Amino acid sequence: MAIFTDKNIFRVVIALLVFGTLYRLYPIFAGEDAMAQFFMTEDGYLMLTIARNMAIGLGMSVSDGTIPSNGVQPLATFLFAIPYVLTGGDKVSSLVGVHLISAVIAALGIFSVRALARMVLAPLDPRPIWPWLITCLWYLGPLLVLHSMNGLETGLYTLMVTLTLVLFGNLLSKGDAASFGDRMLFGAACGVTFLARNDAVFLLVPLFLIWAGYGLIARRDSFARVAGHLIPPGVLSLVIASPWLINNYINFGSIVPVSGTAQALSGGLAKNATILPSKLFEHMFPMLPIPESMEPSTPVIVVSLAVVFAVSAIFLFGVLRRGSIARHVVATYTAFAVIMSVYYGLYFGAGWFLSRYLAPVAPLLIIAMFYTALLITTRITPKLVGGLMTGAALASLALSTALLIRYHVPGVKEQGHFQVVDWVDENIEPETWLGAVQTGTLGYWHDRTINLDGKVNPAALNALLTEGNVLNYVLESPAQYLVDWWGIVTWITDPKPEHDALRAEFEVLVDDPERNLGALKRTQ
């Protein structure tokens with residue numbers, strides 16, 4: 001069809017990418033409430049609290065600088081500290097900078113995702129518009145938009161994962177022409193990817209193994225030659241990652257940040273198995289988010305799993321049999337996706353974060369979906385493939401755009417924790433200490449807040465690991481109030497004997513399940 005010329009489609013793509021960028025910048029112009037709530041998540045505020053404390057000279061810490069913490073991912077935290085340095089630590093105006101940094105990172109991802117899609121699709125169909133449509137599907141995916149602007153490292157991590165894979169593919173494509181500098185640039189990207197998020201080890205291990213296998217088996221290079229190629233960039237990646245690992249081990253006793261250990265406490269064998277298929281489906285078809293209430297249902301599990309498995313199998317068979325360099329990149333990315341799915345879906349816990357944890361594999365899943373559709377359409381109706389694929393892609397993008405707009409109806413999307421922030425602001429003086437299980441949002445807006453779930457507080461985490469709860473830790477803390485979602489009230493109303501000491505020192509001040517708000521006050 002004449003309307004579906006590459007030139008016309010590219011104009012639509014550019015318009016949609018501009019829309020996606022402006023959408024990410026919307027809160028800056030919509031007022032303080034939108035800027036504080038629309039994208040920013042509870043855990044995002046944890047990172048921003050530490051970023052701000054770094055900027056104002058309190059180091060990596062929480063609770064008004066009194067509790068050292070490593071409960072963040074380092075690279076994003078350092079980047080987000082920049083606006084606080086420029087504003088002298090202002091909590092409101094610095095959010096403008098945080099939004100800008102996140103939007104720029106997401107925009108840079110356009111180019112790495114497009115380059116990756118082009119590398120994978122070229123052996124099947126080199127038409128240049130296809131990678132742009134794939135990039136649009138990723139950039140406008142409603143859940144992926146939220147994940148890229150959440151005040152966390154998700155957008156940066158996705159950028160670095162896709163960029164590292166592109167550099168890997170380019171390195172293999174150059175063959176003997178690849179220089180020492182090319183390999184060291186790749187090694188540097190690996191190290192930076194780890195600093196973006198430490199579970200990048202799930203990418204880097206299979207990546208170096210596949211690189212070694214490619215050299216030894218496909219190219220039949222000597223072991224010494226392969227080692228000479230792999231060891232220098234591998235060492236460089238470790239050198240880049242080592243300051244963070246050393247800091248974690250020396251100051252906190254483990255190379256894993258306290259946030260990872262705390263969140264792992266909610267884990268259990270196959271605890272997220274019922275929602276894993278729907279999360280993978282949502283990232284493969286970003287225009288079709290599944291309501292959370294439906295995710296654990298048997299029909300959704302079966303259909304999601306069947307679709308993801310079928311699409312992935314056709315995609316992998318199609319890519320691997322074509323014999324291009326892309327197959328090594330796809331094999332690496334697939335290994336990463338499988339390990340991430342097994343670890344977070346079947347072991348780790350914190351199922352409410354599963355979509356975010358798996359967001360870095362979304363580009364692979366979208367490419368797989370598009371590749372499979374293109375392959376099948378080419379086989380069935382080769383003369384209509386251009387129109388059918390373009391029409392389906394544009395319809396999908398229209399649906400994603402409509403869903404993004406829907407987030408703005410009826411008004412500002414509430415973040416879920418500001419009823420706690422507002423009550424504290426109205427009833428507790430800034431110099432008063434308080435405690436909460438969820439201290440991301442609250443701890444950002446009220447400095448003297450003590451974290452009780454261990455995500456950013458090593459002492460609370462130690463209490464959870466050794467005693468099974470933080471009740472004694474609370475009693476020994478300076479907290480005069482405990483304020484959180486309504487469940488905090490059960491710390492007093494629970495008849496269990498271990499709550500007796502807390503009951504003796506605290507009383508219920510606010511018991512408001514409708515507002516999801518509870519507050520306890522120390523009486524002694």
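Computed from a prediction, not measured in an experiment: that's the story for all the values here. Below, all heavy atoms of this structure are taken into account, side chains as well, without hydrogens, waters or symmetry copies.
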* To do: Determine the minimum heavy-atom distance between Leu280 and Leu365, stating which atoms define it.
  => O-CD1, 3.6 Å
Checking [Y] against [X]: is there a side-chain donor and acceptor pair closer than 3.5 Å?
{"X": "Gln415", "Y": "Thr441", "answer": "yes"}
{"X": "Asn53", "Y": "Thr49", "answer": "no"}
{"X": "Tyr157", "Y": "Asp199", "answer": "yes"}
{"X": "Tyr139", "Y": "Thr21", "answer": "yes"}
{"X": "Thr432", "Y": "Arg448", "answer": "no"}

Electrostatic pair [X]-[Y], nearest N-O below 4.0 angstrom:
{"X": "Asp447", "Y": "Arg52", "result": "yes"}
{"X": "Glu505", "Y": "Arg522", "result": "yes"}
{"X": "Asp422", "Y": "Arg515", "result": "no"}
{"X": "Arg356", "Y": "Asp43", "result": "yes"}

So, [X] side chain and [Y] main chain: donor-acceptor pair closer than 3.5 Å or not?
{"X": "Asn516", "Y": "Trp486", "value": "yes"}
{"X": "Ser63", "Y": "Thr449", "value": "yes"}
{"X": "Asn248", "Y": "Ile255", "value": "yes"}

* Could you go through the ring pair (Phe, Tyr, Trp, His ring centres under 6.0 Å) check for Phe353 and Phe348 one step at a time? => CA-CA 10 Å; Phe353 294 138; Phe348 189 75; 9.2 Å; no
* If you count the non-hydrogen atoms of other residues, nucleotides and ligands that lie under 6.0 Å from CD in Glu467, is the total more than 12? -> yes
* Asked: side chain to side chain donor-acceptor pair (under 3.5 Å) with Thr372: which residues, sequence neighbours excluded?
  -> none
* Of Phe194, Tyr333, Tyr343, the residue whose pairing with Phe202 passes ring pair (Phe, Tyr, Trp, His ring centres under 6.0 Å) -> Tyr343
